[in-house]
4 protein chains.
Amino acid sequence: MQSDPDDHEENPRPRSRRLPRSVRERQILDAAVEVYAARGFHLASMDEISEVAGISKPMIYAYLGSKEELFVACIQREANRLIEAIGTAVDPEVTPDEQLWRGLRVFFDYVQRNRASWTLVHRQAAAGGEPFATEFGQWRERAVVLIATLLARATENAVRPMQVQQMEPFAAALVGAGESLLDWWIEHPEHTADGLAMRLMNLAWMGFGDLVEGRSWAPASSEAPANED
Amino acid sequence: MQSDPDDHEENPRPRSRRLPRSVRERQILDAAVEVYAARGFHLASMDEISEVAGISKPMIYAYLGSKEELFVACIQREANRLIEAIGTAVDPEVTPDEQLWRGLRVFFDYVQRNRASWTLVHRQAAAGGEPFATEFGQWRERAVVLIATLLARATENAVRPMQVQQMEPFAAALVGAGESLLDWWIEHPEHTADGLAMRLMNLAWMGFGDLVEGRSWAPASSEAPANED
Amino acid sequence: MQSDPDDHEENPRPRSRRLPRSVRERQILDAAVEVYAARGFHLASMDEISEVAGISKPMIYAYLGSKEELFVACIQREANRLIEAIGTAVDPEVTPDEQLWRGLRVFFDYVQRNRASWTLVHRQAAAGGEPFATEFGQWRERAVVLIATLLARATENAVRPMQVQQMEPFAAALVGAGESLLDWWIEHPEHTADGLAMRLMNLAWMGFGDLVEGRSWAPASSEAPANED
Amino acid sequence: MQSDPDDHEENPRPRSRRLPRSVRERQILDAAVEVYAARGFHLASMDEISEVAGISKPMIYAYLGSKEELFVACIQREANRLIEAIGTAVDPEVTPDEQLWRGLRVFFDYVQRNRASWTLVHRQAAAGGEPFATEFGQWRERAVVLIATLLARATENAVRPMQVQQMEPFAAALVGAGESLLDWWIEHPEHTADGLAMRLMNLAWMGFGDLVEGRSWAPASSEAPANED
DNA sequence: AATGAATGAGTCTTCATTCAT
DNA sequence: AATGAATGAAGACTCATTCAT
């Protein structure tokens with residue numbers, strides 16, 4: 001009847017009443033992730049979330065607190081999901097490169113399947129200012145450490161083994177490269193998840209391998225690295 | 001005298017009247033960038049911007065339009081600045097690796113000096129939803145093409161020269177790696193801009209070099225890199 | 001164990017089921033008086049009352065009706081208590097001055113021991129607007145008549161005996177003086193209940209005695225006590 | 001057309017636009033006193049205040065702050081008005097009894113003419129809980145000290161002169177008696193302001209005079225002033 | 001040209017009250 | 001009989017935007 005694409009529920013779910021708290025909480029979080037991801041924190045309205053969830057606003061407040069607390073709860077849940085998904089790639093039985101490869105595939109795959117989740121954690125959380133920046137920073141840190149650990153383990157039998165800490169900047173770069181490639185992917189959907197994962201794997205693993213084995217690049221000119229604006 | 005960091009102007013600029021339009025516009029944009037970067041688009045209020053700029057709100061509307069238009073103007077100006085800064089590295093006289101190296105250094109250096117500008121373009125623009133996502137996408141695209149061109153040129157004399165288009169995913173990954181490293185830098189300020197630039201340069205250039213020369217990584221397992229969905 | 005003064009029940013009463021209605025009603029009223037007195041009518045929430053009472057909200061509504069009706073019930077119960085307490089002072093066996101004296105002492109004593117009750121009846125009821133102002137007026141009237149009767153009886157054997165009605169303004173003044181003294185007492189707790197009762201007794205009884213015996217004050221200036229408006 | 005007695009402005013004041021701030025502030029305060037007095041703090045809505053004032057809500061917030069701050073501003077303005085009115089009675093040229101008499105008349109007269117003001121200061125402020133109770137306490141204190149000073153001065157030439165402090169409980173009682181008499185008056189409007197003022201003057205002045213001159217009442221029975229509940 | 005004054009519209013949040021189990 | 005689950009309705013507060021001077 002109405003075709004306004006912003007209306008979420010022409011026939012709202014029959015609002016099956018009297019459900020246990022845990023179920024409701026999940027419904028709410030699902031709806032909130034969707035709306036927050038689509039609109040961003042500020043443009044998301046509690047009204048819309050409650051509509052999408054098929055639950056009245058007071059229940060949201062009763063179960064999950066303020067708009068801000070709800071947002072944090074969403075970030076945490078989604079960040080955990082993602083980290084856990086990637087964590088499945090960590091299998092001490094296989095070689096480090098295989099682990100990294102699996103991790104990358106899972107990562108690209110997960111994001112492909114859960115755009116909203118990724119947008120929320122990656123974009124909205126990062127831009128939200130103080131209550132959320134912290135949350136975002138923690139998730140980022142976890143991801144970086146996870147990768148850095150993997151990389152360090154890959155050097156265990158190399159000429160010069162590395163500490164996890166030393167690997168962190170590389171891990172951070174790798175995480176960012178993955179994130180960025182995902183964004184780029186949106187505009188170039190002709191590529192496959194595995195194709196991109198492979199490209200990234202190559203770039204990272206080869207460059208990384210060179211470094212571990214002592215091959216490196218250095219500026220040709222001896223010009224002092226001075227730089228004025 | 002001013003101790004509260006949130007008070008912008010104890011003695012607001014004397015509001016010297018009758019300035020040429022271009023000066024006024026710059027004042028406004030400067031203030032807007034500052035406020036938008038600090039607070040984010042939604043939390044920034046036109047009141048605060050007008051206070052910081054020392055210009056009354058009606059003038060802002062007269063010169064630069066709505067809050068949204070003002071934000072877009074800010075993004076454009078700052079993105080241009082950054083792209084131009086990096087563009088200085090493009091010098092056909094020097095080798096491609098030197099060009100990339102200079103570009104990275106300028107990039108890290110610029111961001112270090114212009115946090116607000118970077119935050120605005122990188123974070124706020126990306127999360128803002130439709131009017132801004134486009135703007136953000138364009139800036140990202142420009143940056144990627146700039147890098148991809150550089151990379152492609154580096155392969156001109158190699159065994160198999162590459163098209164700019166083929167380089168785009170690598171460029172995107174590289175841009176993202178740089179952005180991410182910048183974020184990571186905030187939490188680990190003991191590193192220098194040149195140190196990080198060097199790490200990234202190495203990772204990218206070495207890995208990239210391997211690929212160009214035909215060395216690559218492939219999964220050990222024979223499982224075909226299938227892609228469902 | 002409980003250190004936060006706002007937490008009412010760490011281990012809420014075990015909600016022993018199946019209690020006779022009268023007991024439940026008392027529990028509810030006790031809790032309601034406490035909460036209403038502490039927070040005022042509007043800031044008191046039915047949720048808090050039900051928590052303090054250890055009884056679920058639907059029961060409260062079933063037994064005592066709406067929030068408003070519950071408040072009225074509280075006022076009535078507490079006002080009755082107070083009037084009854086003072087009523088014990090009325091003993092035809094003793095002299096009127098002795099009766100007044102006893103009444104005052106009981107009054108000060110009662111209020112000292114039942115601050116919440118007094119606050120509720122005296123302050124909250126009075127400010128609440130229409131449903132409660134009436135209730136408050138009635139209690140005030142009862143108190144005034146009680147005192148006025150006492151005063152009138154004291155003049156029975158005097159030169160000119162007085163009607164109860166004539167005594168009412170004096171009684172009203174006396175009641176108000178007592179109330180006010182109680183407020184003042186809070187800020188000056190170094191005084192004792194009996195000390196204050198004695199002061200008030202003196203002021204009232206002496207002044208009153210003078211009047212009854214025909215001594216009175218009149219304005220020195222001959223300006224007629226005109227009353228405009 | 002509509003006869004709803006709660007509609008304040010059928011033909012709202014022509015909203016003469018663009019008035020200076022001070023004028024607007026007065027309009028707002030006037031409206032707020034009216035509404036707060038009629039409804040009480042909680043039932044008063046900012047919407048209604050803005051309607052009565054003929055000014056939009058944002059201006060109220062811009063000029064006078066939150067609902068709470070507005071309430072405090074009202075209390076302060078009205079309390080000051082009242083204290084100032086009574087202060088006019090203080091004239092060192094006339095005798096203390098004359099001063100007290102004038103003060104009482106002004107008091108009764110003022111309240112008669114400014115019911116809303118009085119209700120606000122006397123009732124609503126007192127019941128409002130913490131932010132306002134303090135404000136109320138201060139006004140009460142000022143009134144008590146004003147009266148106590150008067151009373152003390154009246155004893156300067158007496159057998160035993162009194163300190164202001166010693167007079168405070170009497171002053172508090174007197175203030176309360178006046179307040180109470182005013183309430184009582186509402187139900188018995190057949191009395192005149194001067195009539196009531198005279199009654200109170202007599203009660204207070206005669207009783208007080210007795211006390212100053214050493215005549216006092218004491219309990220006949222020697223029973224220890226013990227009192228159990 | 002420049003601004004203090006003004007507001008419509010919208011959002012978060014709470015609470016008395018009632019159902020369905 | 002007793003309660004966890006649920007909501008309609010309402011109110012404080014803010015902000016982009018514009019008018020009248």
Side-chain angles (χ1 to χ4, degrees), chain A residues 15-21 23-25 42-50 54-63 65-70, chain B residues 15-21 24 41-50 54-63 65-71, chain C residues 15-21 24 41-50 54-63 65-71, chain D residues 15-21 23-25 42-50 54-63 65-70:
Chain A
R15 289 213 172 194
S16 40
R17 317 228 162 190
R18 240 40 53 164
L19 292 181
R21 175 166 183 154
V23 175
R24 287 298 196 204
E25 284 186 351
H42 290 286
L43 257 41
S45 85
M46 295 300 271
D47 269 308
E48 185 178 3
I49 292 174
S50 90
I55 293 169
S56 72
K57 270 187 298 176
M59 295 308 300
I60 301 184
Y61 282 90
Y63 286 165
S66 69
K67 186 184 185 185
E68 213 166 83
E69 288 166 321
L70 177 58
Chain B
R15 296 213 169 192
S16 42
R17 318 226 163 187
R18 209 136 309 241
L19 288 181
R21 174 162 182 150
R24 280 276 148 103
F41 176 73
H42 290 285
L43 260 41
S45 82
M46 295 301 272
D47 270 306
E48 185 177 3
I49 292 173
S50 94
I55 292 172
S56 72
K57 274 188 295 177
M59 295 306 304
I60 298 183
Y61 281 89
Y63 283 169
S66 71
K67 186 185 185 185
E68 217 166 77
E69 289 166 321
L70 177 57
F71 192 57
Chain C
R15 294 209 170 196
S16 42
R17 319 225 163 188
R18 210 139 305 243
L19 289 181
R21 175 164 181 148
R24 281 274 149 103
F41 177 72
H42 290 285
L43 261 41
S45 81
M46 295 301 272
D47 270 306
E48 186 177 3
I49 292 174
S50 93
I55 292 172
S56 71
K57 274 189 295 179
M59 296 305 306
I60 298 183
Y61 281 89
Y63 283 168
S66 71
K67 186 184 186 186
E68 217 166 76
E69 289 167 321
L70 177 58
F71 191 57
Chain D
R15 290 212 172 195
S16 40
R17 317 230 161 188
R18 240 38 54 162
L19 293 181
R21 176 167 182 151
V23 175
R24 287 298 196 206
E25 283 186 352
H42 291 285
L43 258 43
S45 83
M46 295 301 270
D47 271 307
E48 185 177 3
I49 293 173
S50 90
I55 293 169
S56 71
K57 267 187 300 176
M59 295 308 300
I60 301 184
Y61 283 91
Y63 286 165
S66 69
K67 187 183 184 184
E68 212 166 84
E69 288 166 322
L70 177 57

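Any value given below was found using the heavy atoms of this structure, including those in side chains, with hydrogens, waters and symmetry copies removed. Lettering follows sequence order; numbering is per chain, from 1.
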Between [options], which nucleotide gets closest to the side-chain atoms of [X]?
X: C:K67; options: E:dA6, E:dA16, F:dT17; result: E:dA16
X: C:S56; options: F:dA5, F:dA2, E:dT7; result: F:dA2
X: B:P58; options: F:dT7, F:dT14, F:dT18; result: F:dT18
X: A:R18; options: F:dA6, E:dC12, F:dT3; result: F:dA6

Whole-Å gap separating [atom2] ([N]) and [atom1] ([X]):
X: B:F71; N: F:dA16; atom1: CZ; atom2: P; answer: 13 Å
X: C:I60; N: E:dC15; atom1: CD1; atom2: C1'; answer: 14 Å
X: D:E48; N: F:dA10; atom1: CD; atom2: P; answer: 14 Å
X: D:R24; N: F:dA20; atom1: CZ; atom2: P; answer: 13 Å
X: B:E69; N: F:dA16; atom1: CD; atom2: P; answer: 14 Å
X: D:I55; N: E:dG8; atom1: CD1; atom2: C1'; answer: 16 Å
X: C:D47; N: F:dG4; atom1: CG; atom2: C1'; answer: 12 Å
X: D:L70; N: F:dC13; atom1: CG; atom2: C1'; answer: 13 Å

Task: Minimal non-hydrogen separation, C:S56 against C:S50, with atom names - done: C-CB, 4.2 Å
- [ ] Kindly give the heavy-atom pair with the smallest separation between B:Y63 and B:R21, and that separation in Å.
- [x] O-NH2, 3.4 Å
- [ ] Could you tell me whether D:M59 contacts a base, only the sugar-phosphate backbone, or nothing, with contacts defined as non-hydrogen atoms closer than 4.0 Å?
- [x] base
Task: Test item: D:H42 and C:F41 side chains (from C-beta on) under 4.5 Å apart, heavy atoms - done: no
TODO: Taking the side chain as every heavy atom from C-beta outward, state whether D:I49 and D:I55 have any pair of such atoms under 4.5 Å apart.
DONE: no
Task: Pairing annotation in dot-bracket form, given for DNA chain F with Watson-Crick or G-U pairs under 3.5 Å and | for cross-strand partners - done: .||||||||||||||||||||
Open item on the list: Checking the side chain of A:K67 only, and the main-chain atoms of A:A44 only, is there a donor and an acceptor separated by less than 3.5 Å?
Closed with: yes
Task: B:E69 side chain to B:S66 backbone, donor-acceptor under 3.5 Å - done: yes
Task: Gap separating the CD1 atom of A:I60 from the CD atom of A:E25, nearest 0.5 angstrom - done: 11.5 Å
Open item on the list: Which is more 5' along DNA chain F, the nucleotide nearest B:F41 or the one nearest D:S66? Just name the residue.
Closed with: D:S66
Open item on the list: Pick the closest DNA chain F nucleotide for B:K57 and for C:Y63 by heavy atoms, then say which residue is nearer the 5' end.
Closed with: C:Y63
Open item on the list: Quick check on DNA chain E: between A:M46 and C:Y61, whose nearest nucleotide comes earlier from the 5' end?
Closed with: A:M46
